[in-house]
Amino acid sequence: LPRLFEEEPRYEKQQEEVLDRDLMAYFDDRMRHNWRGPEHWKVTAFKRANNIDQESKPKADTQQTTHEKKKHDAVVVDFFGDDVDEDTLFEAPRNPSTLVKKENSGLNKLPDDIRYTSSRLITLFTKQFTISTYSVKPQATLTDAQFFGDA
Amino acid sequence: MNQSEKPTLKSIKNISRTDEVNNAMRHVFQDAQMGLSGHRKLVIVLKNVFNKSVELNQQEYFALYLTRIINRILSLKKGEQVADRIAKFCASFIRSIVEDEIEAKQNKESDEDKEEDDEDEENESPTTMLITYLIHHLLRGIEAKDKTVRYRVVQLLAYLVRYIGEIDNNTFEALYSSLNKRLNDKEPIVRLQAIVAISHFQVFNFDYTEEESPFEIDITNASITEKIIHSIRHDESAEVRRAALLNLKKSQATIPYLIERARDTNSINRRLVYSRISRELGPMNNIDFKNRELLLKWGLNDREEAVQAAATKMLTTHWYGSVKEDLFELIENLHVKDSDIAETAMLIFFKSREDKLSTIKIDEAYWKQLSIEKAFLMRTFYCYCQDHTLLELVDANFPEAVDLAETLEKYLELRTKFIASNSENIKAWESHNEKLEVFKNQLLQLENTMSRINLETETHKKHLDAADDNLKFLQLEEQVSELNRFHEEQKDNYVPFAEKLQDLEFIILQLLLIANKFDYGDDFGRRKMLQVIRKRLTEDKLPGELASIALKVLKRISLHEKDFIAMSTEIITDIRDSYDNEDEHFHSAVSDFDDDDDDEEEEDEIEQDEDEEAKQKKRNEPKLPPDDIVIQCLTMSQHVLELIEHPLEDYTSLTSIYSGLVNYAINYKEKATLHLLGLKCLGLFALIDRSTAEDAVATLYHSMRSSGEQVRIIGMKAVIDILSIHGVSIIGTNIFSYARLFYKSLTNYDMPGLQCVVAEGLCKLFLTDIFHASSTSNESEEGDNQEYESEKQLFEALILTYFHPLTSKNQELGQILSFCIPVYAFSHPNHQARVSSVSGDVIYRLFSDDEFTHHDHKLSATSVIPQLIFWCDPNNLVNLTQFEIKRQTSHLWQCVYLLQALEQDTSKVVKRAIISNLSKLYLTDKLESTVLKGLAEALEGTKQCFEENATIPEYQLDKLSHKNLDNFIEYVNETYAKSVEREGEEREKSNLLSTNSILGELENELDTQSQHDKSETEENVETNEEETTQDTDKEINEDISDNEESVDVEMQDADDPVDDLKRQQLEENLREIDEILDAEDSVDYSISMEE
DNA sequence: TGGATCCAGCTACACATC
DNA sequence: GATGTGTAGCTGGAGCCC
């Protein structure tokens, strides 16, 4: 893929394809999640964009301490100790309704997935024909990082 | 025995006091908590202690001590190993004593056979006593305040309920109703355990149809299943639903609910349906076709790879295995004729079972005698081999072209004969079809009328009584039920015939699909195929899908496009001519329409003369050809036009026939099929001929304005396609009308289908820069600006539609925009700049404009803002090097617009959301120091604004927001400092010594420049021609949305390539930032800032 | 068993409501 | 003032694969 190593963006003449094959595959992949609309949108590749708290944490260290902590934390019950006060243990809530969840009428199902693809985005509605771009601008291609990274 | 001595079997024998029992028990549990491995031994020890207590007649003390021991683990949180082990240990112990008791009973029973029966049936056994005691104890805590206590209680009960066969009815009733209540516990972990517990009751028999139920509450197997089903569907916790999924009894009655979870929002649950539940359901035939189809459709298309993989495995391993690896049986079960997923399933099968490809053998005998399954396998196998260039398999299995053509001909001939020998059935079908047509016509007319009434109501503010039309709708409903009766009435005659015909046509379709991909190496075969296709297309009156594929084959085997057009024209002419003998009028009718062409072209004004139209119709009335012929010709024309790739040049034959047919059809507004086909063909025709397109857009525009959703969708698709092919110039100076139409359609939530089309269409036009290509057009400056404003408003409307509360009701629209908006933004820096330029307006309007705020379920600022920021993040741009990404200004500009929204009268929630998201903006020291400086100053201004308004509640920030804002300001200042430093170093290295003097000159020049043009990014440098003053902007700024005038704080993209005026650009940018922020107080925001 | 991933719960805080 | 609700960021557990 020689294109990857070209430094300058390529400026294309009119009537070129909007997205090339690689780019379509790239977008189809990237848009795989977050298809359900704004209320279900989640940040995915956001960390990379966040340049403020970018100091890399010494991961190994923290991991070890948590690991150790986990081991040490193991609780052992003393069955010879004083008995638990049952009145406290079984104490009822002041308002019993706080134990009840609100009724949910939803079905917890995904909506029908129309599986929108980039090929549909660059194809006409009424026939199988790819739309061309009208402007004079560099044709979109993947950046190196995108190709080697998440692409 | 003292506390330090652990009990042994021997020491237990010596126990004589209850405190010794207690001590022994504590020891056992002290050990049991350490691990599962010792449990077997400890169970024996504890059992001995229990038996000893029974022996001493102190079993109630044993029970008491046991509950005290258990109390100690009830407050241990979920995940605490110790508590889990103790719970398991209790379960093991209870199981063990229950088993012992059963064994003892059996032994006793066999003894009793010899002796007389005892009387102790009535008495409660020590084991039952213990279990009952334990249950009552635990039930005391089942409604405890502490969720952990409830969790542990229900967990223990879930273990115990497996061994409760002997408990009394009252205890059971108390247990059952308490557990039932926990199905609605606030805490998911409690509900989950309650599901597990209640699931065990499914195996009990609560059949009280013969006898009276011993329970006072409703306990039946059906009610238990019902409760689990309620949880599997409605519980909002994925883990609870999972527990219900895994524990619900698998039966024909529950299958639909199990299958339904293949669409669960949780991907683990979906995967489980395929990996585990499907196996538990047994052979694929245990599930009916409809549900199998759903499973495949959902699973093979799932967004999660893991789910897809599990679904693939289910198909290719479990189901395939369940039909003993018989591929034909598998295909038979797929019901290929009625299935939408069979093809995908087959291709996935081939891909994941490549080992089976070589076992497929297709010889002469095979393809000479095709069943639908054989034909389907042959076709999908062929397509798979072709797509994966498995040419050896193709050569080994598939016939020569000439044989394929002959086979195809054979089946086509079979079809013709079959139809000919069933004329009665055909008549029945035709008459049914006629009724159907009448129905469609009425529906379309009614839809159009309703739409017109709505339009008139809106435009003239008249209230029209639509009662009449409602009545008509009711009448139509009656017709629907009548039409639906057809299949019922024709059960014996037509239905079997239709099925057989469909089988034949399905086989033909498979052959055509092969022919469409076939390698016509030998010319003899090609010519044979050509002959078959041409003949059959002309003579056979093939149904839509077959005709469409046949035409594709024709195109494939034609010499070139011109040849294809000539042949198809001839075919359509022949179809028409075949009826010439029967109806002389038809030919002349078409000629007449040709003559009408001129009239038509004159008619592209907005107001069409209804009388003239009617007159024209009348004139044509006597020459009417049979509708079905016209429809057939038009359908063929549509398919032909769909296949033409090149602009129309001198295909006059095509022009004369199609423009005649098309105009004829369009005028028949009361004939649905004809009218809609006419519009489709008009649109398609316009795509290959610019002059047709010019008229077509006007015709389509009028049709849309006065019609219902069906017509509008067809019209909208056509218009957008025409714009995609010919550009905006095709609509001349009328851009405003069209923009308004687009806007109205986009925001018309009564026509959800139309919304989808226009949203997708606008995205296409923006993505391809067909919209916003103003710099290349030759329109006047004013025209340019109007176009620009219309497009800007449309773009903002698209973004607003994505976030609109009502869009959650139009799933398809949401999905389209979820895909298209980010693709648009990420595909070019200019696109990203455009998104950032509307960010401020979007936020302001979403959270302050009544249009958006008065709905329920509206989105929060904390979810909207990160999305806007994500779309504008330069890291998401394609096409750029890391260096270029670091120099992108989209986030910087977005920041300016966000600050603007921050300083406006937005609510506190919005302000906080903006501030907390500022840290997500990607601003680097590779940006020019001048713009960073501008941003830093803007931020100071914002800070000041907050100080000045400190008395207003909205401007009183909480601690965290203060900190976040200060951190961000500091970050920008640091970045600015670094940038200055970097530029200094670069200047030193650079030998371009004249930079300063150039800058000086430019600064002077800047002062004289007009004050309102804005530009974006280094690549885009504004040219003088594009300058406009603020005043001109306002004068021509008509608002397509009927709202107040829109604010003109906008960056204007220019498409000129990079030149060496970067410095000027940067100065501009800096000035921009100042201006935008200064303007806040004085500018009259369109988005009406109601006080 | 360990690693990667996703999800849900936890905590701290702000704010609304009773 | 107590209580409930909503949010952000973190963390640990669950289910899976190898």
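Source: prediction; values computed, not measured. Here is how names work: the chains are called A, B, and so on, in the same order as the sequence lines, proteins then strands, and each is numbered from 1. Only heavy atoms go into these numbers, but all of them, side chains included; no hydrogens, no water, no symmetry mates.
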Along DNA chain D (nearest heavy atom to each residue), the more 5'-positioned of R271(B) and S863(B)
S863(B)
Which comes earlier along DNA chain D counting from the 5' end, the contact point of T98(A) or that of T862(B), where each point is its nearest nucleotide?
T98(A)
Atom [atom1] of [X] to atom [atom2] of [N]: distance rounded to whole Å?
X	N	atom1	atom2	answer
Y151(B)	dC10(C)	OH	P	12 Å
Q308(B)	dC17(D)	CD	P	15 Å
D235(B)	dC7(C)	CG	C1'	15 Å
K102(A)	dG6(D)	NZ	P	7 Å
Y274(B)	dC17(D)	OH	P	16 Å
K101(A)	dA8(C)	NZ	P	14 Å
W41(A)	dT7(D)	CH2	P	15 Å
D958(B)	dA8(D)	CG	P	12 Å

So does K908(B) get a side-chain nitrogen or oxygen closer than 4.0 Å to the phosphate oxygens (OP1/OP2) of dC15(C)?
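For dC15(C), OP1 or OP2 has a side-chain N or O of K908(B) closer than 4.0 Å.
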Side-chain N or O of K147(B) closer than 4.0 Å to phosphate OP1/OP2 of dC10(C)
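So the side-chain polar atoms of K147(B) do come within 4.0 Å of the phosphate oxygens OP1 or OP2 of dC10(C), strictly under.
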Any donor-acceptor N or O pair under 3.5 Å, side chains [X], [Y]:
X	Y	answer
R261(B)	Y257(B)	no
K77(B)	T148(B)	no
D849(B)	Y844(B)	no

So what's dT1(C) paired with, Watson-Crick or G-U wobble, going by both distances under 3.5 Å?
none
Looking at the side chain of [X], which of [options] is the nearest nucleotide?
X	options	value
L272(B)	dC7(C), dC16(D), dC10(C)	dC16(D)
R912(B)	dC16(D), dG9(C), dA14(C)	dA14(C)
K959(B)	dC16(D), dA14(C), dA8(C)	dA14(C)

Judged by nearest nucleotide, the residue sitting upstream toward the 5' end of DNA chain C, L960(B) or E239(B), is E239(B)
Return the 5'-most residue of the pair L957(B), I189(B) with respect to DNA chain C, ranking by each residue's nearest nucleotide.
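On the 5' side of the pair lies I189(B).
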With sugar-phosphate meaning primed atoms plus P, OP1 and OP2, does A238(B) contact a base, only sugar-phosphate, or nothing at under 4.0 Å between heavy atoms?
sugar-phosphate
Applying a 4.0 Å non-hydrogen cut-off, can you work out what K77(B) is touching in the nucleic acid: base, sugar-phosphate, or nothing?
nothing
Taking only Lys NZ, Arg NE, NH1 and NH2, and the carboxylate oxygens of Asp or Glu, determine whether R233(B) and E260(B) approach each other closer than 4.0 Å.
yes
Parallel under 30°, tilted from 30 to 60°, perpendicular over 60°: which one fits the rings of F819(B) and Y116(A)?
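Rings of F819(B) and Y116(A): tilted, 30 to 60°.
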